[in-house]
Amino acid sequence: MTVDLYAICPCGSGKKIKFCKCKDSVSELDLVLKMVEGGQVVPALDRLSTILQEHPDAAWALAVRGRLLLDLREYDSLSENAERFIRLQPSNPLALTQRAAAKLFAGDLEEATGSMLEALTESGRDVDTFVLDVSSVLAYSLAQGGMFLTARVYATLSMMASGYEGGRTAMTVLQQMNSAPTINQLLKAIPATIERPLDADWGERYDEATTLLRSNKVLLAENKFQSLQRTHANEPAVLSGLLTCAIWRGDAEAQSALLKKLSGCESLDFTQRTRFLAMSALVEPGMPKVAVEIKKLTADIEDVDQVEMAMAADSRFFALPSEMLGQMRESEDDVPPRAGFQLLDRDKPESIESLPPVDEIPEAESLVLVFGKQTDRAARIEALDVRTKDLDDVRSRLASVIDGAELKEEAAEPLPLLVACQPPIAMIRFKGKPGEAQASQLELMERRMPEKIVTAELELLGGKSLQDLVADDSKRLERSAVVQVIQQYDAIVGKAQGVVSKVNELAQLEPLPTIKPDKEAIETIDNADLDRVDPSDLDVESLIYLLQRAQQISASVAEQKFANRLLESEMTEEQQPAKLVAYMSLINSAGSADKALAYLDEAKKFAATTGVSDASLLLSEVSLRLQSGDRDGFQTAMQTLSEKHGNDPEVMAQLQQMLISMGLLRPDGSPRTAPSPAGPPAAGGGEGSGLWTPDSGPADAPASSEGGGKLWVPGMD
């Protein structure tokens with residue numbers, strides 16, 4: 001091909017071809033690209049190897065070769081290619097990005113993030129699409145590892161890049177993090193930068209650092225912020241800048257430390273300080289500062305059959321279904337338990353013919369597994385997930401069924417507060433309608449969850465509980481931070497809205513006041529403050545904006561508030577479709593199938609009177625009728641949808657995907673036997689984050705026992 005010597009070299013150095021060492025070999029680029037476009041990837045790699053033998057300094061060939069190796073998932077070869085590329089051009093952003101990708105697929109997130117930061121520093125504002133591709137994959141992997149703020153900055157980088165069209169993975173990561181009710185609202189936005197004082201004598205140095213930060217030169221910006229910190233150690237603006245850098249670096253320990261320092265800045269608003277302290281406990285994977293200690297008890301046993309029979313005969317032990325036991329092993333090589341029981345906090349109900357009163361529903365104090373004798377191990381029992389307060393009772397009950405066996409105690413992985421505060425309801429399948437079971441479960445959460453929260457001993461509280469510190473005003477900041485953690489979990493407040501007020505009452509803390517913003521201020525409202533907004537004086541446009549924001553981050557309480565206010569508002573003809581949006585929001589955030597169906601009936605009447613399409617409503621009804629166990633209603637909704645929208649291919653495609661996700665259709669469209677809609681929903685904690693991976697199927701599908709999904713990389717189908 002004819003080479004334009006004044007074009008930018010494809011090697012990524014930023015130099016024009018005339019002044020780049022690639023100029024003697026870049027004429028081969030056209031041939032290699034034609035081979036790749038024709039599907040001849042392996043011959044293209046062979047040709048690139050030949051070019052590199054003839055022209056060892058052909059950096060463009062290393063750039064192209066790295067992309068192809070990444071597409072082929074040849075990660076070892078990619079690592080070798082990246083190191084050679086870096087030796088040739090140490091500051092080349094494409095070379096650094098290749099190394100980041102190689103480290104990422106080797107499971108070294110820290111090194112991958114560091115190399116990506118170097119690539120961004122060398123790129124400046126003009127970031128290559130390859131850098132953005134790998135940034136998207138890094139964002140996904142960081143999210144899977146619980147580094148939500150860092151995942152957000154890298155996903156946003158790809159999403160906001162001008163002219164970049166490959167942000168599918170980044171968009172998916174952001175959507176799934178935003179919509180997951182098990183991700184705290186405090187982690188669904190990057191903390192806003194704190195402005196420096198206008199008259200600060202160090203203002204020019206600070207502005208230089210923030211300019212570097214805006215240009216993606218994070219490492220250079222961090223050096224300047226660190227220099228400022230040496231002379232202004234507790235200045236909120238400087239700490240805020242360092243926090244942003246720590247987020248980009250993926251350093252959870254530094255993020256936590258800086259957030260804690262910000263919480264100690266008395267020049268800041270108390271509520272802001274409370275949230276900084278809450279975030280300091282949330283940013284570390286596993287959230288150890290707000291996790292509850294649990295124990296594991298083990299004992300060798302002689303007569304396995306006798307122990308099994310004793311547990312089966314004891315009114316406090318409930319046998320697990322045999323089909324569950326095969327899943328209760330840490331790896332494929334482990335032997336599953338012979339039997340499993342939930343050790344209950346009270347006797348089993350005598351009858352399962354109906355749902356018992358909420359106060360009589362038992363909880364599990366431990367999961368007890370019985371293992372037979374193995375070649376290298378004696379027969380044994382293991383009691384898992386034992387809370388400290390339940391240790392004595394669990395020991396006593398186990399001693400009564402294993403006749404003097406010595407119980408050994410060891411620490412287990414702590415439970416995050418979100419899981420630990422969920423009542424671990426016994427897996428007894430009482431007979432009853434799904435709607436009744438769901439209502440019973442919600443009532444149980446409302447009654448029992450507050451006590452579990454205020455009695456949880458947490459590192460953030462110095463190893464004590466809210467109940468222990470109820471009269472300690474010196475710990476007001478820490479106590480308020482724990483309540484903030486709870487209040488910002490939609491998985492809690494979206495289901496049981498009375499929990500936070502009860503926790504405040506038990507902890508003797510005042511609830512945060514409501515906010516009455518004007519139209520100009522609504523865009524500045526933090527995600528964490530949406531549920532505090534009083535919408536009574538807001539106009540329709542403001543309500544629609546706030547409703548969309550609440551929907552985006554799965555803030556159920558705020559959604560319901562704004563949707564109800566919208567339905568009460570007078571609207572113009574052009575604004576009428578917003579009422580359907582409000583109804584759909586109420587349906588999706590209702591918390592129970594019965595409430596959702598009641599909203600659905602209202603929405604269908606509204607659609608009928610206004611002529612708005614009811615396709616989305618009927619699709620929702622199909623799902624809701626099945627969930628509530630209403631077979632006749634399900635069939636009617638299916639028939640109505642087919643009669644009214646059977647000629648709309650888009651609606652029918654959505655219906656097919658819905659039925660596949662429900663297990664009623666196979667992926668090829670052929671029918672399956674419908675699952676029984678009876679039985680209560682699964683109880684207790686341990687909800688997944690809902691984070692989607694490209695090969696993991698629907699976001700609400702149960703997680704595989706073999707671990708998470710594989711990473712998606714650019715070029716994978």
Side-chain angles (χ1 to χ4, degrees), residues 149 152 156 174 177-179 181 183-196 198 236-237 240 262-263 265 267-279 480-481 483-490 492-494 497-501 504 509-572 574-586 588-589:
L149 293 181
R152 184 170 295 276
T156 303
L174 286 172
M177 286 196 298
N178 285 340
S179 62
I183 295 179
N184 200 283
Q185 300 291 9
L186 295 173
L187 301 181
K188 292 185 179 181
I190 305 301
T193 304
I194 297 174
E195 297 293 332
R196 66 169 177 83
L198 294 175
S240 176
L262 282 165
S263 74
C265 295
S267 60
L268 300 177
D269 174 78
F270 182 80
T271 300
Q272 190 177 16
R273 292 174 58 203
T274 298
R275 287 182 178 163
F276 280 139
L277 186 58
M279 289 183 70
S480 300
V483 177
Q484 274 294 302
V485 170
I486 293 298
Q487 186 169 0
Q488 301 303 331
Y489 272 122
D490 195 67
I492 295 176
V493 297
Q497 295 183 17
V499 167
V500 174
S501 59
N504 273 321
L509 291 168
E510 291 295 323
L512 294 175
T514 58
I515 300 172
K516 294 195 74 170
D518 54 30
K519 185 174 182 179
E520 288 69 29
I522 61 171
E523 294 186 11
T524 64
I525 297 172
D526 288 340
N527 288 343
D529 286 326
L530 287 175
D531 63 341
R532 296 170 55 200
V533 172
D534 179 353
S536 57
D537 295 334
L538 294 175
D539 60 21
V540 171
E541 290 183 4
S542 298
L543 289 168
I544 293 172
Y545 168 78
L546 289 172
L547 176 59
Q548 290 172 336
R549 276 192 59 189
Q551 289 175 324
Q552 185 182 39
I553 62 168
S554 186
S556 298
V557 175
E559 272 190 74
Q560 293 167 20
K561 184 187 299 185
F562 301 138
N564 279 314
R565 182 70 186 109
L566 259 179
L567 295 178
E568 297 168 358
S569 303
E570 293 294 330
M571 295 187 182
T572 65
E574 291 78 12
Q575 293 172 333
Q576 284 296 318
K579 283 200 172 182
L580 188 62
V581 175
Y583 275 121
M584 287 301 300
S585 185
L586 290 171
N588 293 333
S589 62

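Residues Asn184 and Gln488 approach most closely at OD1-CB, 3.0 Å, considering heavy atoms. For the residue pair Ala278 and Ala481, the shortest heavy atom distance occurs at CB-O, 3.6 Å. What you find for Ser179 and Lys188 is that their closest heavy atoms are C-NZ, 4.3 Å. Closest non-hydrogen pair, Leu547 versus Phe562, comes out as N-CD1, 3.9 Å. Scanning both residues, Ser501 and Gly498, for their nearest heavy atoms gives OG-O, 2.9 Å. Between Ala192 and Ser240 the shortest heavy-atom distance is O-OG, 3.8 Å.
Donor-acceptor pairing under 3.5 Å is recorded for the side chains of Asp539 and Ser542.
In this structure, the side chain of Lys561 engages the main chain of Val533 through a donor-acceptor pair within 3.5 Å. Side-chain atoms of Ser585 never come within 3.5 Å of backbone atoms of Val581 as a donor-acceptor pair (strictly under, hydrogens ignored). At least one donor-acceptor pair closer than 3.5 Å links the side chain of Arg549 to the backbone N or O of Ile525. Ser556 places no side-chain N or O within 3.5 Å of a backbone atom of Gly494 that could act as its donor or acceptor partner. Judged purely by atom type and a 3.5 angstrom limit, Asp490 has no side-chain atom pairing as donor or acceptor with the backbone of Gln185. Side chain of Arg152 to backbone of Leu174: no donor-acceptor contact under 3.5 angstrom is found. Side-chain N or O atoms of Asp534 include one that pairs as donor or acceptor with a backbone N or O of Ser536 at under 3.5 Å. Of the possible donor and acceptor atoms, one in the side chain of Gln560 sits under 3.5 Å from a partner among the backbone N and O of Ser589.
At most 12 non-hydrogen atoms from other residues, nucleotides or ligands lie less than 6.0 angstrom from CD of Glu510. Few gaps surround CD on Gln576; more than 12 heavy atoms of other groups in view lie less than 6.0 Å from it.
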Side chain to side chain contact (heavy atoms under 4.5 Å, CB included) assessment of Leu149 paired with Ile190: CA-CA 6 Å; Leu149 293 181; Ile190 305 301; 4.1 Å; yes

Chi angles and distances behind the side chain to side chain contact (heavy atoms under 4.5 Å, CB included) call for Lys519, Leu538: CA-CA 7 Å; Lys519 185 174 182 179; Leu538 294 175; 5.8 Å; no

Derivation and outcome, side chain to side chain contact (heavy atoms under 4.5 Å, CB included), residues Leu277 and Gln484: CA-CA 9 Å; Leu277 186 58; Gln484 274 294 302; over 6 Å; no

Chi angles and distances behind the side chain to side chain contact (heavy atoms under 4.5 Å, CB included) call for Phe270, Ser480: CA-CA 10 Å; Phe270 182 80; Ser480 300; 3.9 Å; yes

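Put simply, OG1 on Thr193 and CD on Glu195 are 7.5 Å apart, with the number rounded to the nearest 0.5 Å. A distance of 6.5 Å separates CG of Leu262 from CG of Leu268, quoted to the nearest 0.5 Å. One distance of note links CG of Asn588 with CD of Gln551; it measures 8.0 Å at 0.5 Å rounding. Between atom CD1 of residue Ile194 and atom CD of residue Gln272 there is a gap of 5.0 Å, rounded to the nearest 0.5 Å. Considering CD1 of Ile544 and CD of Gln575, their distance stands at 5.5 Å, rounded to 0.5 Å. Of the inter-residue distances, the one linking Ile515 atom CD1 with Ile522 atom CD1 reads 12.5 Å to the nearest 0.5 angstrom.
Not counting sequence neighbours, the partners of Tyr583 by the ring-ring contact (aromatic ring centres under 6.0 Å, His included) test are Phe606.
Side-chain atoms of Leu567 and Lys579, non-hydrogen and from C-beta on, do get closer than 4.5 Å to each other. Asn178 places none of its side-chain heavy atoms less than 4.5 Å from the side chain of Ser554. Looking at heavy atoms from C-beta onward, Pro535 lies out of side-chain contact with Leu546 at the 4.5 angstrom threshold.
Here Arg275 pairs with Asp529 in a salt bridge; the nearest charged N to carboxylate O distance falls below 4.0 Å.
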